[in-house]
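Convention: sequence-line order gives letters A, B, ...; per-chain numbering from 1.
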There are 2 protein chains.
Amino acid sequence: MDRYKNIGLKLTPQRLAILDFLEGNTTHPSAEEIFAAVSDRFPTMSFATVYNTLETLKEKGAVIELTGDPRKKRFDPNTAPHHHLICIRCRRIADVQVDYKIDLPRSSRMGFEITGNHIEFYGVCPACRKGGPEKTGSGVQTAGEESHEN
Amino acid sequence: MDRYKNIGLKLTPQRLAILDFLEGNTTHPSAEEIFAAVSDRFPTMSFATVYNTLETLKEKGAVIELTGDPRKKRFDPNTAPHHHLICIRCRRIADVQVDYKIDLPRSSRMGFEITGNHIEFYGVCPACRKGGPEKTGSGVQTAGEESHEN
DNA sequence: CAATTAGGTTAGAATAATTATAAAGAGATG
DNA sequence: CATCTCTTTATAATTATTCTAACCTAATTG
């Protein structure tokens, strides 16, 4: 929690509650899940505060907003460079700590100034493999991607 | 267009109009943009038809649904394996045809059965570099990712 | 050709997620 | 204490997407 003291952020009780829930959390929660968890111990919490706080934290670089789940925003308190493994059935997201050196050749940059990259691995998680969860259907961003496999 | 004849799909005028708009389109349009473009030439087009058709095409593997824009769904008629370069300001998405061999070591797969992967490169597009477009703010999925750079 | 069936399309309602607004609160400063 | 700034809250509004029910169309059958 110390890491938040010096980012020029007023640490209100609500923000602390959110930060406390996020700290060390590897489930990549959505705004909804954060709201649910935090309003338990903090019944006056408002949904707007969750979004406001997340937006602020994002600007300060204390959390990262994830893509990969087209249905809702998800947030990751782990701001160190890492990639993700996404279940195409239930949308569960796991961390991938493997470090890849991927460079986009200048000739392919289309004039963009590159600031970073992120790899999404797709797959079926153990639970879904046994006909488990599967709350979500619609496989996203998977077709044709198999050939990247080895 | 021939590629669509044999995927077991009834080629109605509406579907043809959508397919025609998508064909060779590299702008990764959203449902909204597709609707706007197609209802020009086809004023009776309904939004539901756009979503229905895209969902059907996705199931048939004729288009890919993209992640990378948290605000809306986007679709890519290019189903060959490729990656994307995303402007963190205006959310424009460009194709990256470079082929990367990235493999997730078995020890990092968390029991997932891997089906594919997708790299998102982040950057600032030429237009936004000159204080151009920038319709969107909120940089997504960029913090900490710089260190993947070379 | 009338009746039937199987999608497909449409308009509009309904949902879900997110964002905006306006009023109230809390803390710091002069 | 008055003022200022920022935060929080409740609620309304917006946006994107999905659902529903009625309608349409083409193919099929009798």
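- To the nearest angstrom, C1' of D:dA16 lies 13 Å from CD of B:Glu33.
- In this entry the distance linking CD of B:Glu55 with C1' of D:dT17 reads 11 Å, nearest Å.
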Under 3.5 Å, which N/O atoms of the protein pair with N/O atoms of nucleotides 5-7 of chain D?
| unit_1 | atom_1 | unit_2 | atom_2 | d |
| --- | --- | --- | --- | --- |
| D:dT7 | OP1 | A:Arg15 | NH1 | 2.8 |
| D:dT7 | OP1 | A:Arg15 | NH2 | 3.1 |

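- Rounded to an integer number of Å, the gap from CD1 of B:Ile18 to C1' of C:dG8 is 12 Å.
- Note on B:Arg15 versus B:Asp20: no salt bridge recorded, every NZ/NE/NH1/NH2 to OD/OE distance being 4.0 Å or above.
- Side-chain contact annotation: A:Ser108 with B:Gln97, donor-acceptor N/O pair under 3.5 Å absent.
- Between the side chains of B:His118 and B:His84, at least one donor N or O lies within less than 3.5 Å of an accepting N or O.
- Note: CG (B:Leu57) to C1' (C:dT9) measures 15 Å, nearest angstrom.
- Scanning residues 44-54 of chain A for heavy-atom distances under 4.0 Å to DNA chain C yields A:Ala48, A:Tyr51.
- Checked for salt-bridge contact, A:Asp99 and A:Lys101 meet the test: a charged N lies under 4.0 Å from a carboxylate O.
- As a whole-Å value, the separation of A:Lys58 NZ from C:dT19 C1' is 12 Å.
- Put simply, B:Lys73 has a side-chain N or O that comes within less than 4.0 Å of OP1 or OP2 on D:dT18.
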Q: Any chance you could lay out the salt bridge (charged side-chain N to carboxylate O under 4.0 Å, His left out) test for A:Arg74 and A:Asp69, step after step, and finish with the verdict?
A: CA-CA 7 Å; A:Arg74 285 163 173 270; A:Asp69 187 344; 2.8 Å; yes
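- Side-chain atoms of B:Asn117 and A:His83 include no donor-acceptor pair closer than 3.5 Å.
- Side chain of B:Thr53 to main chain of B:Thr49: a donor-acceptor pair is present (N/O by atom type, distance under 3.5 Å, no hydrogens or angles).
- Mapping B:Arg74 and A:Pro43 onto DNA chain D via the closest heavy atom, the residue that lands nearer the 5' end is A:Pro43.
- For the 3.5 Å distance criterion, the side chains of A:Thr67 and B:Glu120 qualify, holding a donor opposite an acceptor.
- Put simply, CG on B:Leu66 is 16 Å from C1' on D:dA16, counting in whole angstrom units.
- Put simply, CG on A:Leu11 is 18 Å from P on C:dA26, counting in whole angstrom units.
- Atom CG of A:Asp69 is separated from atom C1' of C:dT18 by 14 Å (rounded to the nearest Å).
- In summary, the side chains of B:His28 and B:Asp95 do present a donor paired with an acceptor at a separation below 3.5 Å, with no hydrogens or angles considered.
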